Amino acid sequence: MTDARPLYPLVFIGPMGAGKTRIGRRVAKALDVRFFDTDKMIVAEHGPIPEIFESRGEAVFREFEKEAVATALAERAVVSLGGGAVLHPQTREALTGHTVVLLNATAEAVAARINTSKRPLLKNGTGDWQRIYDERRAIYEELATTTFDTSTEPIERIAGKIATWARGRA
Ligand SMILES: Nc1ncnc2c1ncn2[C@@H]1O[C@H](COP(=O)(O)OP(=O)(O)OP(=O)(O)O)[C@@H](O)[C@H]1O
Ligand SMILES: O=C(O)C1=C[C@@H](O)[C@@H](O)[C@H](O)C1
Ligand SMILES: [Mg+2]
């Protein structure tokens, strides 16, 4: 069955450390389109994420994030969302009809990758990651139109596979 959804914006969702930022950037390069990362947009406008969580709280961060997502989704681009962006109902609604790629990974794979000190929601490490993933899994799976697992292969290979898949979709 062919997918009638437009390819762009091509959106990456998924848990922290799954590779949305790194893989998204590579896929954008391979497809020769612009790349937006909503965490980076927020940092550029409002400052470091841990400081926003600390001084303004998660709810304010989620509002900034909703605005960044809305801006990015207006572009013909690859758009990587922050891991929790899908918690905002307006963001979930905004994703309707778009091509949404879920990047999944196991807790073991992520534990070997990420610096939890830079992620305000992971103060207690991998246990936090698993709990948050379990809480969000149903949302990710409902929104995704396609899923790739990033646990075992290098970034370049996964990005290459996704770019090939996207070219077949265009
Ligand atoms: N397939 C992979 N193999 C090995 N390391 C990886 C892989 N994918 C990502 N990484 C590493 O994991 C770390 C986190 O990746 P990245 O920042 O892209 O995740 P993310 O999904 O954007 O997370 P967040 O939701 O926190 O923004 C980086 O150091 C990256 O190099
Ligand atoms: O999964 C999350 O809730 C988060 C993921 C990161 O991308 C950042 O958006 C922030 O650290 C929160
Ligand atoms: Mg990221």
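For the numbers below, each heavy atom of this structure counts, side chains included, while hydrogens, waters and symmetry mates do not. Predicted model, so just to flag it, every value in this text is computed and none were measured. Atoms within a ligand are numbered from 1 in the order they appear, just like the ligands themselves.
Within 6.0 Å of the CD atom in E45, the count of heavy atoms belonging to other residues, nucleotides or ligands does not exceed 12.
The Mg ion (ligand 3) has an N, O or S atom of T21 inside 2.8 Å of it.
In summary, the atoms of ligand 1 found under 4.0 Å from a heavy atom of E153, numbered by their order in the structure, are 1 (N), 2 (C), 3 (N). Listed by number with element, the atoms of ligand 2 under 4.0 angstrom from any heavy atom of G82 are 7 (O), 9 (O). Heavy-atom proximity to R62, at under 4.0 Å, picks out these atoms of ligand 2: 2 (C), 3 (O). Close contacts of ligand 2 with G83, meaning ligand atoms under 4.0 Å from a residue heavy atom, involve 1 (O), 2 (C), 5 (C), 6 (C), 7 (O). The ligand atoms of ligand 1 that sit less than 4.0 angstrom from a heavy atom of D39 are 27 (O). For ligand 2, the atoms lying closer than 4.0 Å to a non-hydrogen atom of F61 are 9 (O). Atoms of ligand 1 found under 4.0 Å from any heavy atom of T150 (numbered from 1 in listed order, with element): 1 (N), 2 (C). Of all the atoms in ligand 1, the ones that sit under 4.0 Å from a non-hydrogen atom of P15 are 21 (O). For ligand 1, the atoms sitting less than 4.0 Å from at least one non-hydrogen atom of G83 are 25 (O), numbered in the order shown with element in parentheses. Proximity to I158 (heavy-atom distance under 4.0 Å) selects the following atoms of ligand 1: 1 (N).
For G19, a nitrogen or oxygen atom sits less than 3.5 Å from a nitrogen or oxygen atom of ligand 1, counting backbone and side chain alike. Polar contact check, L81 against ligand 1: no nitrogen or oxygen pair lies under 3.5 Å apart.
No donor-acceptor distance shorter than 3.5 angstrom exists from the side chain of T38 to the backbone of E65, with no hydrogens or angles considered. W129 contributes a side-chain N or O that, together with a main-chain N or O of M16, makes up a donor-acceptor pair within less than 3.5 Å.
Looking only at heavy atoms of the protein, atom 31 (O) of ligand 1 is closest to R22 NH1, 3.4 Å. The nearest heavy-atom contact from the protein to atom 14 (C) of ligand 1 is I114 CG2, 3.7 Å. Of the protein's non-hydrogen atoms, P120 CD, 3.6 Å is the one closest to atom 11 (O) of ligand 2. Protein heavy atom in closest approach to atom 1 (O) of ligand 2: R136 NH1, 2.7 Å. What sits closest to atom 10 (C) of ligand 2 on the protein, heavy atoms only, is I49 CG2, 4.0 Å. When hydrogens are left out, the protein atom nearest atom 25 (O) of ligand 1 is K20 NZ, 2.6 Å; that is the closest non-hydrogen contact. For atom 9 (O) of ligand 2, the closest non-hydrogen atom on the protein side is D39 OD1, 2.6 Å.
In this structure, A18 counts as a contact residue of ligand 1, since one of its heavy atoms falls inside 4.0 Å of the ligand. Under a 4.0 Å heavy-atom criterion, G84 is not in contact with ligand 1. Contact between S80 and ligand 1 is absent, with no heavy atom of the residue lying under 4.0 Å from the ligand.
In this structure, the separation between CD1 on I13 and OG1 on T91 is 11.0 Å, given to the nearest 0.5 Å. Atoms OG1 and NZ, from T150 and K20 in turn, are 9.0 Å apart once rounded to the nearest 0.5 Å.
Summarising the geometry of R113 relative to A105, their closest heavy-atom pair is NH1-CB, 4.2 Å, with the distance given to 0.1 Å.
Taking the charged nitrogens against the carboxylate oxygens, K161 and E153 do have a contact shorter than 4.0 Å, which makes a salt bridge. Ion pairing of R131 with D134 is absent here, as no side-chain N (NZ or NE/NH1/NH2) approaches a carboxylate O to less than 4.0 Å.
Relative ring orientation between F61 and F53 is described as tilted, the plane-to-plane angle lying within the 30° to 60° band.
Comparing T152, I155, T21 by heavy-atom distance to atom 22 (O) of ligand 1, the nearest is T21. When M16, R157, R113 are checked for heavy-atom proximity to atom 6 (C) of ligand 1, R113 turns out nearest.
Side-chain atoms of E51 and H46 form no donor-acceptor pair, as typed in the model, at a separation below 3.5 Å. Between the side chains of N104 and Y140, not a single donor N or O lies within less than 3.5 Å of an accepting N or O. Judged purely by distance below 3.5 Å, without hydrogens or angles, the side chains of T145 and R5 never pair a donor atom with an acceptor atom. If you check the side chains of T21 and D37, you find a donor sitting under 3.5 Å from an acceptor.
Applying side-chain hydrogen bond (donor to acceptor under 3.5 Å, both in side chains) to H88 and the options E67, R62, E63 leaves one that passes, E63.
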